[in-house]
Protein chains: 2
Amino acid sequence: MAETIIPKATAKRLPLYYRYLTFLANAGTTKVSSTELSEAVKVDSATIRRDFSYFGALGKRGYGYDVKDLITFFKKILNQDRLTNVALVGVGNLGHALLNYNFRQANNIRISAGFDLNPDIAGTIQSGVPIYPMADMVEQLKEQQIEIVILTVPTDAAQDITDGLVKAGIKGIMNFTPLRISVPSYVRVQNVDLATELQTLIYFLEHYGPTLKDAEADKAQ
Amino acid sequence: MAETIIPKATAKRLPLYYRYLTFLANAGTTKVSSTELSEAVKVDSATIRRDFSYFGALGKRGYGYDVKDLITFFKKILNQDRLTNVALVGVGNLGHALLNYNFRQANNIRISAGFDLNPDIAGTIQSGVPIYPMADMVEQLKEQQIEIVILTVPTDAAQDITDGLVKAGIKGIMNFTPLRISVPSYVRVQNVDLATELQTLIYFLEHYGPTLKDAEADKAQ
DNA sequence: ATTGAAAAGCGAAATATTGCACAATATTGC
DNA sequence: GCAATATTGTGCAATATTTCGCTTTTCAAT
């Protein structure tokens, strides 16, 4: 909040940079240039330099960036230095998959509670995560002070459940339903719409040629 | 290809519009205004009008848009008038969830083949979809003339498998691995990076206030 | 030390996208 | 048929983002 405001487009790339940097560190690499980074994450090198520059001078001219320094810096910025608990609302097919998706290892994020209507699941522990009945959702979220949820419920139920989440004091929702849910201004929604994404891919295939940038990359090979 | 090129940002919203329009049609609604649409899909009404206008004058001033007309039009544009077959490469947790995700109903997209290394799965039928061993991938993709795949394999294997996909003549990849895979220019990649998405949400929560737009929407309530 | 090469940082231009504001036009009710 | 109302389509300004191109700095090798 205190820092100068970072463009959204930049913010979206930060986790990507962070992941690749940790990969480099694990491989024993100590320095990296914007050009190398660019090839790995497929973002123009000038964009990377600009992105980093919003945070001040992190690199050394003529040398590059120190991997460890960058990691230390981004770890803090991205809240990776402390565990973030999130809840999973709706433990169906996709929900189950997300329980097994290792957010924790790479990102210090843990799904610490799940909620589902299904009485066969509610009350059990799935992939190490306790699943509570939907009726207890608001209460449990408040008690566990969870501020972020992953919403993987049937579309029909999405808005009602969202209203409950808002009552429970949730601040952020990762919305896997195709419904664009309504929330008050202080709640942030990140939509992940799988069918739309696939449709968009198909549309691009049919209506756009190869990108110029890629065409150049091609030539270079 | 023939039409004037549509901005990417617009293209990404088309499936969203299409879905809501089919919802309206099912509910028996025959006309819709950009303002109504705007509230449902949370996109500014002027943006919606501009988006539609790229395709020519689809609405009537003082009246709005005819739902059926729009659907007919977008159905064609979005290739929803014919079934699109895609393959699923990597039938793990997430892969299984996607097999059960109903792309078909809403989008006329069918997962018609799956591939996996695991001999327990290869050769079986999962959720109605035949799963082939990885070794047969290139051959099967060619034979079935599949041009689009969903990639849900372990990160380590992603680039190697991608190279195989390219050999098989694939045109589009929906990439669920966190690796930014390298492909030739004529192959389009759509990245869906769940951990990154969640990280971004957390970053926004920590570093940005409520959006102005939302704040206004709030007032209006 | 000196020089050459590498690479960050950044002003500024280019490009992309959004949203305002209003004229143009259709519909509806009288 | 006319007035009142609704709502599109779009010029234009505002905003956001990317990219170029150059200056500055640093490192490494001689």
Side-chain angles (χ1 to χ4, degrees), chain A residues 4-14 16-17 21 24 29-67 69-70 73-74 200 204 207-208 211-217 220, chain B residues 4-14 16-17 21 24 29-67 69-70 73 200 204 207-208 211-217 219-220:
Chain A
T4 10
I5 201 82
I6 291 347
K8 272 194 210 167
T10 296
K12 287 185 190 166
R13 285 186 292 264
L14 297 182
L16 187 62
Y17 298 147
L21 289 169
L24 285 181
T29 311
T30 60
K31 74 161 189 173
V32 68
S33 71
S34 59
T35 315
E36 292 171 70
L37 222 46
S38 170
E39 277 159 31
V41 300
K42 321 280 189 222
V43 172
D44 187 272
S45 67
T47 301
I48 292 179
R49 290 197 298 278
R50 169 89 48 194
D51 283 348
F52 287 2
S53 80
Y54 289 119
F55 300 102
L58 300 174
K60 285 185 200 166
R61 296 175 188 219
Y63 174 82
Y65 299 90
D66 184 278
V67 173
D69 284 359
L70 282 182
F73 188 79
F74 282 130
T200 301
F204 280 162
H207 299 270
Y208 291 73
T211 59
L212 282 179
K213 209 186 349 176
D214 287 346
E216 276 156 32
Chain B
T4 12
I5 201 81
I6 293 347
K8 271 194 208 165
T10 296
K12 287 185 191 168
R13 285 187 292 264
L14 298 181
L16 186 62
Y17 298 148
L21 289 168
L24 284 180
T29 311
T30 60
K31 75 161 187 173
V32 68
S33 71
S34 58
T35 315
E36 293 170 70
L37 222 47
S38 170
E39 278 157 31
V41 301
K42 321 280 189 224
V43 172
D44 186 272
S45 67
T47 300
I48 292 178
R49 291 197 297 279
R50 168 102 37 199
D51 283 347
F52 287 3
S53 79
Y54 289 120
F55 300 101
L58 300 174
K60 287 183 199 167
R61 295 176 187 222
Y63 175 81
Y65 300 88
D66 184 278
V67 173
D69 285 358
L70 282 184
F73 188 79
T200 301
F204 280 162
H207 299 270
Y208 291 73
T211 61
L212 281 177
K213 209 189 345 178
D214 287 346
E216 275 154 32
K219 255 192 312 188

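Letters A, B, ... are given to chains in the order of the sequence lines, protein chains preceding strands, and every chain is numbered from 1. None of these values were measured; they are calculated from a predicted model.
In this structure, Phe73(B) and Phe55(B) have perpendicular ring planes: the angle between them is above 60°, well past the 30° mark. The aromatic rings of Tyr17(B) and Phe52(B) sit perpendicular, their planes meeting at an angle over 60°, well past the 30° parallel limit.
The CG-C1' distance, from Asp69(B) to dA26(C), rounds to 15 Å in whole Å. Distance NZ (Lys8(B)) to C1' (dA16(D)): 15 Å, rounded to an integer number of Å. One interatomic measurement links the two molecules: CG of Leu58(B) to C1' of dT25(C), which rounds to 16 Å at whole-angstrom precision. To the nearest angstrom, C1' of dT5(D) lies 17 Å from NZ of Lys60(B). Rounded to an integer number of Å, the gap from Asp44(B) CG to dC20(C) C1' is 9 Å. When the P atom of dT17(D) is taken as reference, atom CG of Asp51(A) falls 10 Å away, rounded to whole Å. Here dG9(C) presents its P atom at 12 Å from CD1 of Ile48(A), a figure rounded to the nearest Å. Separating the CD1 atom of Ile6(A) from the P atom of dT18(D) is a distance of 13 Å, rounded to the nearest angstrom.
Residue Ser34(A) has a polar side-chain atom (N or O) positioned under 4.0 Å from OP1 or OP2 of dA8(C). The phosphate of dG9(C) (OP1 or OP2) has no side-chain N or O of Ser53(A) nearer than 4.0 angstrom. Close to dC22(C), at under 4.0 Å from its OP1 or OP2, lies no side-chain N or O of Arg49(B).
Distances from the side chain of Arg50(A) to the nucleotides dT18(C), dA12(C), dC20(C) place dA12(C) closest. Checked against dC20(D), dT10(D), dT17(D), the side chain of Ala46(A) finds its nearest nucleotide in dC20(D). Comparing dT10(D), dT7(D), dT18(C) against the side chain of Ser33(B) picks out dT7(D) as the nearest. Comparing dT19(D), dG9(C), dG19(C) by their closest approach to the side chain of Thr47(B) singles out dG19(C).
Between Val32(A) and Leu21(A) the shortest side-chain heavy-atom distance falls below 4.5 Å.
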Exercise for the section: Using the side-chain contact (heavy atoms from CB on, under 4.5 Å) rule, take Leu24(A) and Glu36(A) through it: C-alpha gap first, then chi angles, then the decisive distance, then the call. Expected result: CA-CA 11 Å; Leu24(A) 285 181; Glu36(A) 292 171 70; over 6 Å; no

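Separation of atoms CG (Leu58(A)) and CG (Asp69(A)) is listed at 8.5 Å; rounding is to 0.5 Å.
dC30(C): Watson-Crick or G-U partner is dG1(D), with both key distances under 3.5 Å.
Place Pro7(A) and Arg61(A) on DNA chain D by their nearest nucleotides, and Pro7(A) ends up nearer the 5' end.
Contact annotation for Tyr65(B): backbone-only contact, meaning every heavy-atom pair under 4.0 Å involves sugar-phosphate atoms and none involves a base.
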